Visitor: 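Sharing a structure, written as structure tokens. Questions coming.
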Amino acid sequence: MQQWTTGLPDTEFYGAGTKGLEAVVKEVLDTPEVAIDTETTGLVNWKDIPLYFSLAWGHRRMTLNVSALPYFDEAFKDPSKRWIMANAKYDTHILANAGHNIAGSLVDVQVMHSLLYEDHPHNLKYMNFHLFGWKWADFQDTFGKISSTQSPQQMIERAERENFTLLCEYAANDAWGTWQSYLELKRQLQGAMTHSLFSGAPLRIKTLWDLFDAIETPYTKVLWKMERRGVLLNVPYLEQIKPAAEMEIENLNRQICKLAGRADFNPNSVAQMRDYFLEQLKLRPQKMTKGGKSGVKQASIDSTFLEYHAAEVPMAKLLLEHRSVSKLYGTFIVGIGERLDPNGRIHSTLNQDVARTGRLSSKDPNVQQIPKPENDKWNIRNAFIASPGMDMIVGDYEQLEMRLLAAASLEPKMVDVINKGWDIHMGNAAMMYGVDYDDVKAAKKVDKQVKEGNLPQSAMTPRVAQLLGYRSDAKQLGFALIYGQGARATAATLGCSIIEAEEKIETFEAAYPGALAFKKEAIAETEETGYAFTILGRRRNVQEIASANKGLRKRGERIAVNTQIQGSAADVVKLAQILIDASNLEYHFGCEPLLAVHDELAYESPKSTSAEALREIKDWMEHPFPHDLAVELGVDIKRGATWGQAK
DNA sequence: TTCCCTCGCGCG
DNA sequence: AAAGCGCGCGAGGGAA
């Protein structure tokens, strides 16, 4: 593995007291854009600290001991400075953990790369190879594998003693590679023309560089603040749930083993379950698994299969219950409890460069997959709480994707349904089946009251049931449109025959011809340009759409439609977050961001100001553009002590 | 031990 | 031939 290449500027080294450090500090102060990277004690964003750091700009590259860090505080405090980094939020945390807060911009080359090459990896090593053909060693190639017995800190300390030159070269390479990637990617982004999915673009974005500079760069800072603050967990609440869940799992295990007649029966083993249901009970498989890389397809023992047999096969029912409880326990109760900082907060990493549509992803832990209360008997969302003296404010876009479909297609009836303030699924049902909106609404109300026991079962007349069926059809068909779902899959989700599903799809499309036309145009444009574009001009290459393989081509069409809608929804939420940040609620109200779950944003604010903060947040969420779209963006927003209560 | 893959499943 | 979009996590099981 090549460690460094010839023709690079010499690597300089500085620590506190090294001759020439003052001159370097002065030059960094006068340089508007500087690449920086850190070598750290570990990989935990709220805990680990820098041991070395490296800088690069112009024709300079250097490694510095952490002792030199304080000399750069004036530069860090400069709000106009642009710090070029790979995985910027991480290094910014590491510096902050050592008491050095960056006031300038966080310019992330990984995010730059993701705007151009969304189907590639974006780590620095890959990028340097992809952009320049460099094959530089990464950390583990250079210093050895990180393991339970060898921390990054120990490896760096050994390198200090045994091969200091290598350490300096390695660190400087990272800053240099970041700097060079920045220059190249900036050039490429500036040359990449783009346009908005919407005619009469709501913001002036001509190139991908505009998108990066105006949206993604400030967004990195917003996300950093969220990660930094983290969210407070009610630890005693989780501790209280834990033994209850453990007991429940043990009970289920006992029952399952008894039913199987074996003590070593493991409900977590799909292989054992397959054997039991297929070989022992001789049940027929419902469907096969995907098979992955190896292509080995096996009978699927998933919830579809288990639910199909739940009525007559006791084991199927028990296993469903076991899976549900053990998922809650393992992933959400134990998994989240392991990631607390000393203050009882968790700091999920919000990834800006993963999702091909421009959505965020969340990991360690993934706060975007915390169960909904209706699927969670312990209501784990109530373990996410506001800080003492504060309220949690949770704002939810209502049917954002359907609204954007309406705004993009300008389908008059759909626009009308939305701007009348109707429930979209009910409105769609009324339009689809030519019934009165108020009748659908009344049916939904009857349904609710019957479920709550305020009305007798007899209130559920055939007509009410029919209207409810219309609404649930309309809801599912709305999703089907956005996802490009075909008749077969629609039939499965609606629980009807394929013929019936085809008829329903036709009814929906006939009610909204503009929506169908939008879908066709979206596909045609992607066929023509190779890309799907979002409202802010983010683009996604959809190679599949030109495939000779019909299946792949159809997939390309689904991606083309869905990316425009899902990606535009992501743009809207992103823009709202940036505007809320820029309006400085932190200063005015002490209000700060906590969570972002696709179309849902959570903040916390002192109780005395939370009502005002809520109004401000709602306003920005509903009006993120200089001029409003053709439809209103409805946001449901509430305050409460916990995530669950504020919903 | 650690790594990788598969499966199943949580969320929008 | 079949075909719903976008993610991340935990467990099992086999390989390194």
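Each chain gets a letter, A, B and so on, in the order the sequences are listed, and its residues count up from 1. Computed from a predicted model, the values in this text were never measured in an experiment.
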Visitor: Side chains of A/Tyr397 and A/His598: closer than 4.5 Å at any heavy-atom pair?
Guide: no
Visitor: Answer yes or no on whether A/Arg539 is positioned over the face of A/Tyr531, meaning its NZ or CZ is under 6.0 Å from the six-membered ring centre and within 45° of the axis.
Guide: yes
Visitor: For the pair made of CG in A/Leu494 and C1' in C/dG4, what is the distance, rounded to whole Å?
Guide: 13 Å
Visitor: Considering just the side-chain nitrogens and oxygens of A/Arg558, establish if one lies under 4.0 Å of OP1 or OP2 belonging to C/dG4.
Guide: no
Visitor: Pick the nucleotide of DNA chain C nearest each of A/Arg359 and A/Lys363; which residue has the one closer to the 5' end?
Guide: A/Arg359
Visitor: According to side-chain hydrogen bond (donor to acceptor under 3.5 Å, both in side chains), who are the partners of A/Ser348, at least two apart in sequence or on a separate chain?
Guide: A/Ser362
Visitor: Which is true for A/Ile301 with a 4.0 Å heavy-atom rule: it touches a base, it touches only sugar-phosphate, or it touches nothing?
Guide: sugar-phosphate
Visitor: Rounded to the nearest angstrom, tell me the gap between atom CG in A/Asp599 and atom P in C/dC7.
Guide: 16 Å
Visitor: Round to a whole Å and report the spacing from CZ of A/Arg553 to P of C/dA2.
Guide: 17 Å
Visitor: Check each of A/Ile580, A/Val394, A/Leu595 against A/Tyr603 using the side chain to side chain contact (heavy atoms under 4.5 Å, CB included) test, and report the only one that passes.
Guide: A/Ile580
Visitor: Under 4.0 angstrom, heavy atoms only, what part of the nucleic acid is A/Ser326 near: base, sugar-phosphate, or nothing?
Guide: nothing
Visitor: Answer yes when A/Arg345 and A/Glu604 have at least one side-chain N-carboxylate O distance shorter than 4.0 Å, and no when they do not.
Guide: yes
Visitor: Looking for any heavy atom pair under 4.0 Å, which part of the strands does A/Gly551 touch: base, sugar-phosphate only, or nothing?
Guide: base
Visitor: Just the rounded figure in Å: distance from P of C/dC7 to OH of A/Tyr483.
Guide: 13 Å
Visitor: Are side-chain heavy atoms of A/Trp224 and A/Leu350 found at a separation under 4.5 Å?
Guide: no
Visitor: Is any side-chain heavy atom of A/Glu557 closer than 4.5 Å to one of A/Glu527?
Guide: yes
Visitor: Could you state the atom-to-atom distance from NZ of A/Lys290 to C1' of C/dA2 in whole Å?
Guide: 8 Å
Visitor: Remember a base hit wins even if backbone is also touched, and classify A/Thr493 as base, sugar-phosphate or nothing at under 4.0 Å, heavy atoms.
Guide: base
Visitor: Can you tell me how the ring of A/Phe508 sits relative to the ring of A/Tyr512, calling it parallel under 30°, perpendicular over 60° and tilted otherwise?
Guide: perpendicular
Visitor: Are any non-hydrogen side-chain atoms of A/Ile333 and A/Ile380 less than 4.5 angstrom apart?
Guide: yes
Visitor: Measuring only between side-chain heavy atoms, which start at C-beta, is A/His425 closer than 4.5 Å to A/Gln399?
Guide: yes
Visitor: To the nearest Å, how far apart are A/His322 NE2 and C/dA11 P?
Guide: 11 Å
Visitor: Could you tell me the separation between the CD1 atom of A/Ile523 and the P atom of C/dC5, rounded to a whole number of Å?
Guide: 13 Å
Visitor: Once you apply a heavy-atom cut-off of 4.0 Å, does A/Val561 come out as touching a base, just sugar-phosphate, or nothing?
Guide: nothing
Visitor: Can you tell me which residue pairs pass the salt bridge (charged side-chain N to carboxylate O under 4.0 Å, His left out) test with a partner in residues 361-376 of chain A, sequence neighbours excluded?
Guide: A/Arg339-A/Asp364
Visitor: Could you tell me the boundaries of the chain A footprint on DNA chain B, defined by atoms under 4.0 Å from its heavy atoms?
Guide: B/dT2 to B/dG12
Visitor: Using atom CD1 of A/Ile336 as one end and atom C1' of C/dG10 as the other, report the distance to the nearest whole Å.
Guide: 13 Å
Visitor: Step through the shown structure and confirm whether more than 12 heavy atoms of other residues, nucleotides or ligands are within 6.0 Å of NZ on A/Lys618.
Guide: yes
Visitor: Do A/Thr331 and A/Gln369 make a side-chain contact, defined as non-hydrogen atoms from C-beta onward lying under 4.5 Å apart?
Guide: yes
Visitor: So what does A/Arg540 hit on the nucleic acid, given a heavy-atom distance under 4.0 Å: a base, only sugar-phosphate, or nothing?
Guide: sugar-phosphate
Visitor: Which part of the nucleic acid does A/Gly567 contact within heavy-atom distance under 4.0 Å: base, sugar-phosphate only, or nothing?
Guide: nothing
Visitor: If pairs are Watson-Crick or G-U with both distances under 3.5 Å, what is the dot-bracket string of DNA chain C, marking crossing pairs with [ ] and pairs to another strand with |?
Guide: ....||||||||||||
Visitor: What residues in residues 366-380 of chain A put a non-hydrogen atom under 4.0 Å from any atom of DNA chain C?
Guide: A/Asn366, A/Gln369
Visitor: Atom pairs under 3.5 Å, N or O on each side, protein against nucleotides 12-16 of chain C: can you list them with distances?
Guide:
from, atom 1, to, atom 2, distance (Å)
C/dG12, OP1, A/Asn266, ND2, 3.0
C/dG13, OP1, A/Ser269, OG, 2.6

Visitor: Under the criterion salt bridge (Lys or Arg N to Asp or Glu O under 4.0 Å), which of A/Lys377, A/Arg254, A/Lys242 is the partner of A/Glu248?
Guide: A/Lys377
Visitor: Checking all strands, does A/Ser303 fall into the base, sugar-phosphate, or nothing category for heavy-atom contacts under 4.0 angstrom?
Guide: sugar-phosphate
Visitor: Answer whether the closest heavy-atom distance between the side chains of A/Ile617 and A/Leu601 falls below 4.5 Å.
Guide: no
